[in-house]
Amino acid sequence: MQYRVDPRTGRRLSVLGLGCMRFPGSVPGRPDQRRAEAIIARAVERGVNYLDTAYLYPGNEAVVGAALEHLGLRDQVFLATKLPHASCKDEADLDRIFNEQLHRLRTDRIDYYLIHNITSPAQWTRLVGLGIEAWIARQKAAGRIGAIGFSYHGSTGDFSLVLDAYDWDFCQIQYNYANERYQAGTAGLVAAAGRGLAVFVMEPLLGGRLAGKLPASARRIFDQAADRMVGEGPGAVELTTPAAWGLSWVWDHPEVTMVLSGMTDPEMVDENARIATAALPGALSAAQHEAVARVLQVFERSNRVPCTGCNYCMPCPRGINIPGCFAAYNASFAHSWFTGVSQYFTASAVRTGSPKLASNCVRCGACLSNCPQHIEIPDRLLDVQRRLTPGPIGAALKLIARRKG
Ligand code: SF4
Ligand code: SF4
């Protein structure tokens, strides 16, 4: 495993962190304890020493806490979780939520604590009004918080305002080869590192859209690249998958301290750890950067809705599988129209005879403020309908939905 130093704390962090949000489970959003433990155990075995969860990931903190206790690994990892700031109406809420998190995680300290999903400087200003600065100072003094940071999904312009609003220890940004000028972007990465913060990266593969869901023509560019080795001498490894290319591209940046990957089985941990060992800063060649640029051109033609499948917008009161609809829509451009329709039928439960179609949307707006990608969900669901259930197909499905509904 490759380690990089957190410039604020001096801790050696594995460049590969385990993002726990996408732990597998038979029910979406409900992680399976046994499978989560297998992933955590393999990650630590491979040298990963950073785990990231959040209060808002359903059932996730409790699974992570139970796993670490059962495996006896709490002292071998740095544990990160996040404050759901919109739920905090006064200072007592900070204590109440934080204590609940410690209880769920079966620990007496959070090594890295984040204000979750900051999208504007005003959100931090509101928390300052609740007394969060003094609260953080008290938690740090008591050893209950090790380092304080924020995860960010706002605009490029607002990022520096949030950076300058407090003496942060670290920040967590969405960053990958398709998002150089999106949200914090490269400018934000450089600015944060320049201020001496540790920078953690989330969505390095856009929820798999730069990995297994990449269009076949883009995959071919990677597969046919003349130079597919990364690293030096006997430690060099071959970039055999789009995920390996995408992760290596992020690790190529010296400003990046650690990259979170939502690994969903032990084999994925093995593969990512293999690449992490060799993908040092500046390791990609000019020819490899050129291959990534060509893949990006292809990807952008299919990237019609920038949904990462994070599920923050769920559940929809009308039962619509919002990320499933957008994944199907994008697949209809990335692969074929028939692939998209087939995925849409699965996502909207058409074959059960009780479909939850995109047309079920009543524009209630409940999903909108939760989307970190700022997608106009009801409008984009109209696009899904138009493309995937045109004309008589849509009319027939609507009839079935009405009869069953
Ligand atoms: S706006 Fe539409 S998709 Fe969003 S929560 Fe309401 S019904 Fe569901
Ligand atoms: S629509 Fe937005 S909130 Fe919902 S899964 Fe996609 S990115 Fe996440």
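Positions are given from 1, in the same order as the sequence printed here. Counting starts at 1 for both ligands and their atoms, in listed order.
- Around atom 2 (Fe) of ligand 2, the protein atoms of type N, O or S found under 2.8 Å away are C371 SG, listed by chain and number.
- The side-chain tip of R104 points at the ring of Y55 from less than 6.0 angstrom away and within 45° of straight on.
- Residues R96 and D90 are not paired through a salt bridge, judged by the lack of any N-O separation under 4.0 Å between the basic side chain and the carboxylate.
- Take H335 and apply the ring pair (Phe, Tyr, Trp, His ring centres under 6.0 Å) test, not counting sequence neighbours, and it matches no residue.
- Each of the following atoms of ligand 1 lies closer than 4.0 Å to a heavy atom of R318: 7 (S).
- Sequence neighbours left out, the pairs with a member in residues 194-206 that pass side chain to side chain donor-acceptor pair (under 3.5 Å) are R22-E203, D164-R195, E203-T308.
- Shown in contact with P378 at under 4.0 Å from a heavy atom are these atoms of ligand 1, numbered in order with element: 1 (S).
- Scanning all protein heavy atoms for the shortest distance to atom 2 (Fe) of ligand 1 gives C361 SG, 2.4 Å.
- A pairwise comparison of heavy atoms in R144 and L102 identifies NH1-CD1, 3.8 Å as the closest pair.
- The protein heavy atom nearest to atom 8 (Fe) of ligand 1 is C316 SG, 2.4 Å.
- Sorted by first and then second residue, the side chain to side chain donor-acceptor pair (under 3.5 Å) pairs with a member in residues 322-333 read S332-R387; sequence neighbours excluded.
- The part of L381 lying near ligand 1 is the side chain, judged by heavy-atom distances below 4.0 Å.
- Using a 4.0 Å cut-off to heavy atoms of N311, the atoms of ligand 2 that qualify are 5 (S), 8 (Fe).
- E180 and T186 share a side-chain donor-acceptor pair at under 3.5 Å.
- Electrostatic pairing of D52 and K82 counts as a salt bridge here, judged by a charged N lying under 4.0 Å from a carboxylate O.
- No close placement of the F150 and Y166 rings is indicated, their centers lying 6.0 Å or farther apart.
- Comparing heavy-atom distances from atom 5 (S) of ligand 1 across P317, G365, A358 singles out P317 as nearest.
- Nearest protein heavy-atom contact of atom 6 (Fe) of ligand 1 is C364 SG, 2.3 Å.
- A side-chain N or O of D6 and one of Y112 form a donor-acceptor pair less than 3.5 Å apart.
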